[in-house]
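Below is one structure, written out as structure tokens, with a few remarks after it.
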Amino acid sequence: MGKRMVVVGGVAGGASAAAKAKRENPELEVVVYEKSGWVSYGACGLPYVLSGEIPRLERLVARTPEEFRKQGVLVHTRHEVVDVDYELRTLTVHDHAEGRTFQDRFDHLVLATGARPSLPPIPGTEQEGVYTLRTMEDGERLLKALPQARRAAILGAGYIGLEAAEAFRKRGLEVTLLEAKERPLPHWDPEVGALLKEELERHGVEVWTGVKVEAFRGMGRVEAVETSEGVVPADLVLLATGIRPNTELAQAMGVALGPTGAIATDERMRTNLEGVYAAGDVAESFHRVLKRPYWLPLGDVANKHGRTAGSVIAGREARFLGVVGTAIFKAFDLAVATTGLSLEGALKEGFRAKKVFIQSRDGAHYYPGSGPLWVELVYEEGTGRLLGGAVVARGHGALRIDVLAALLHREGTVEDLLALDLAYAPPFSPVWDPLLIAAQQAR
């Protein structure tokens, strides 16, 4: 009997682990159990399906169960792993479609159980009209609700809340964005939040910051949101207040969690139990600026986790060397990219940090269509070591963030940034790239 690899969870990290392991070692038996009806899809695309920019949810699917089967990977949807006996190397699976429970065995196990919305304890959350946006099923429910909706309230001004605000406005809804902290994108510094607030309001989104949501009014269906600053009428509410890792199965079988509350792994995505791996939003990463475990539940990170675990299980050498916290998103015409630590974050972590924030352009001033571009650099006083940064632009100019991310991976300094030979042509940059202008000011 050949070695059997079982993957619990078939989205992002789990799908990548299964596909990679089978490619690298065709002799492996690879089985995936996914409790939802969908596998291997890009959840990051959900806001763009809601906006209508992407016509169908199915466009987000990378591989169907049938396509996996052709590669030799057996995928079971609507199958939930409810228990694992590590000593016996068995797992108990409930088939939701047929209502039966059975056992399976494993030699290698990948836990890719993902994360779920962290719902605030607000009275009235259980009513119709209150939604989250995390899975394809969430997307299906919202797509059905949007044609009848007129006024939306969004709780939380992080990535999902900001992207959903744009999607709902494009569908013609009135939108109020409610954020408990003092600005949109509250984990970053105030200048970026101010640019975002201006952009949201320019497109008709009401932005309420520093507000506490107290209850959802309604008689079985939501009608309004009660807040510390007044009542917001709404027939659709989106909870975008954060997520938490699904670690219950892991904990029950003795898998150790790390300091973030997600599963602790090494560079090869191995847990504390021999033959058991973790990948995706349920697993920690290593932060290369902070030099400690960090939880970064993003799609690209999940896929890298999965590829690493799959390669190792297949007998190949592979390591996932960590993250610096790079992210990018769009709110209407504004692209916002961040990496590493904000100034507030760096000071909180004990760094002697400083920052510069400059406005430049994404092309030469005389080139038609060039527009404003903002750069923030966060660096360590004395050493000049880069700790983080942000780039905000009205287009692809925000992808300059990748230069900063690369330097953070190598513990680069302001001087290292100044020494870079960056590309120049009038449609793409001023003669002095905005990153170099910021670095000069930091120096």
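Worth knowing before you read on, the calculation uses all heavy atoms, side chains too, and leaves out hydrogens, waters and symmetry mates.
Judged by distance alone, the side chain of T113 and the main-chain N or O of N246 form a donor-acceptor pair under 3.5 Å. No donor-acceptor pair under 3.5 Å is formed between the side chain of E411 and the backbone N or O of R288. Of the possible polar contacts, none joining the D85 side chain to the R89 backbone as a donor-acceptor pair under 3.5 Å is found. In this structure, K354 contributes its side chain and V378 its backbone to no donor-acceptor pair below 3.5 Å. Counting only distance, with no hydrogens or angles, the side chain of D235 and the backbone of R151 share a donor-acceptor pair below 3.5 Å. When atom types are taken as modelled, the side chain of D189 and the backbone of E344 share a donor-acceptor pair closer than 3.5 angstrom. The main-chain N or O of D281 is found under 3.5 Å from a side-chain atom of W295 such that the two form a donor-acceptor pair. In this structure, R183 contributes its side chain and V192 its backbone to no donor-acceptor pair below 3.5 Å. Put simply, the side chain of T247 never gets that close to the backbone of A250: no donor and acceptor are under 3.5 Å apart. Under a 3.5 Å cut-off, the side chain of T338 and the backbone N or O of W188 do not form any donor-acceptor pair.
Comment: R4 does not engage D107 in a salt bridge, judged by the lack of any side-chain N to carboxylate O separation of less than 4.0 angstrom. A salt bridge is absent between K3 and E29; no separation between the charged side-chain nitrogens and carboxylate oxygens falls under 4.0 Å. Checked for salt-bridge contact, E349 and R292 meet the test: a charged N lies under 4.0 Å from a carboxylate O. With salt bridges taken as basic N to acidic carboxylate O contacts below 4.0 Å, one links D433 and R400. Using a 4.0 Å cut-off between charged side-chain N and carboxylate O, E53 and K170 make a salt bridge. In this structure, R134 does not pair ionically with D138, as no charged nitrogen and carboxylate oxygen lie closer than 4.0 Å. Ion pairing between E179 and K181 fails under the 4.0 Å rule for side-chain N and carboxylate O. One finds a salt bridge joining K20 and E24 here, because a Lys/Arg side-chain nitrogen approaches an Asp/Glu carboxylate oxygen to under 4.0 Å. A salt bridge is absent between K197 and E182; no separation between the charged side-chain nitrogens and carboxylate oxygens falls under 4.0 Å. Remark: K330 engages E166 in a salt bridge, criterion side-chain N to carboxylate O under 4.0 Å.
The CZ atom of F216 sits 9.0 Å away from atom CD of Q127, with the distance rounded to the nearest 0.5 Å. Between the CG atom of L298 and the OG1 atom of T326 there is a distance of 9.0 Å, given to the nearest 0.5 Å. The distance from the CG atom of L28 to the NE2 atom of H108 is 6.0 Å, given to the nearest 0.5 Å. Residue T132 holds its OG1 atom at 10.5 Å from CD of E137, rounded to the nearest 0.5 Å. A distance of 10.0 Å separates CG of L109 from CG of D104, quoted to the nearest 0.5 Å. Taken to the nearest 0.5 Å, the CE atom of M136 stands 10.0 Å off from the CG atom of L143.
Enclosure of atom CZ in R69 by more than 12 non-hydrogen atoms of other residues, nucleotides or ligands within 6.0 angstrom is indicated. Around the CD atom of E126, the shell of radius 6.0 Å holds more than 12 heavy atoms that belong to other residues, nucleotides or ligands. For R100, the CZ atom sits in a packed shell: over 12 heavy atoms of surrounding residues, nucleotides or ligands are nearer than 6.0 Å. The environment of CD in E214 is crowded: more than 12 heavy-atom neighbours from other residues, nucleotides or ligands sit within 6.0 Å. Counting heavy atoms of neighbouring residues, nucleotides and ligands inside a 6.0 Å radius, atom CD of E248 exceeds 12 of them.
A 4.5 Å side-chain heavy-atom check between V39 and P65 finds at least one atom pair inside the cut-off. Here the side chains of L236 and V222 are not in contact, with every heavy-atom distance at 4.5 Å or above. When side chains are defined from C-beta on, Y86 counts as touching V276, because their heavy atoms get closer than 4.5 Å. Inter-residue side-chain proximity for V81 and T92 is flagged as unmet; no heavy-atom pair is nearer than 4.5 Å. Side-chain contact between F351 and L341: present, with at least one pair of heavy atoms (C-beta onward) separated by less than 4.5 Å. At least one side-chain heavy atom of L238 sits less than 4.5 Å from a side-chain heavy atom of L133. Looking at L177 and L162, their side chains come closer than 4.5 Å, going by heavy atoms from C-beta outward. With contacts defined as side-chain heavy-atom distances shorter than 4.5 Å, the pair V7/V73 does not qualify.
Taking all atoms of both residues into account, the shortest heavy-atom contact from V110 to A17 is CG1-CB, 4.3 Å. Between A438 and V375, the shortest heavy-atom distance links the atoms CB-CG1, 3.7 Å. H203 approaches R169 most closely through the heavy-atom pair O-NE, 2.9 Å. Pairing each heavy atom of I154 with each of A240, the nearest pair is CG2-CB, 4.5 Å. For the residue pair A283 and A279, the shortest heavy atom distance occurs at CB-N, 4.0 Å. Listed here is the closest heavy atom pair of T227 and W208: OG1-CZ3, 3.6 Å.
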- Task: For side chain to side chain donor-acceptor pair (under 3.5 Å), just list the numbers for H305 and S285, CA-CA rounded to whole Å, side-chain angles, deciding distance to a tenth of an Å, and then say yes or no.
- Result: CA-CA 9 Å; H305 281 180; S285 298; 2.9 Å; yes
- Message: Could you go through E317 and R268, starting from their C-alpha distance and side-chain angles, then the distance that decides it, and tell me whether this counts as salt bridge (charged side-chain N to carboxylate O under 4.0 Å, His left out)?
- Response: CA-CA 9 Å; E317 173 57 29; R268 292 169 175 82; 2.8 Å; yes
- Message: Walk me through whether L74 and V30 qualify under side chain to side chain contact (heavy atoms under 4.5 Å, CB included).
- Response: CA-CA 6 Å; L74 196 56; V30 182; over 6 Å; no
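Side-chain atoms of S36 and E34 include a donor-acceptor pair closer than 3.5 Å. Using a 3.5 Å distance cut-off with no hydrogens or angles, the side chains of N303 and S16 do pair a donor with an acceptor.
When each of K144, R221, R141 is checked for a salt bridge (Lys or Arg N to Asp or Glu O under 4.0 Å) with E128, only R221 meets the rule. The side chain to side chain donor-acceptor pair (under 3.5 Å) test with H96 singles out one residue from E80, R78, K35, and that residue is E80. The only member of V282, T271, V84 that meets side chain to side chain contact (heavy atoms under 4.5 Å, CB included) when paired with V255 is T271. Checking F102, Y33, F68 one by one against H76, the ring-ring contact (aromatic ring centres under 6.0 Å, His included) holds for a single residue, Y33. The only member of R307, M269, E267 that meets side chain to side chain contact (heavy atoms under 4.5 Å, CB included) when paired with F320 is M269. When the options T176, V232, L200 are evaluated for a side chain to side chain contact (heavy atoms under 4.5 Å, CB included) with E206, the one that passes is T176.
Not counting sequence neighbours, H409 has no partner by the ring pair (Phe, Tyr, Trp, His ring centres under 6.0 Å) test. Under the salt bridge (Lys or Arg N to Asp or Glu O under 4.0 Å) criterion, R23 pairs with no residue at all, not counting sequence neighbours.
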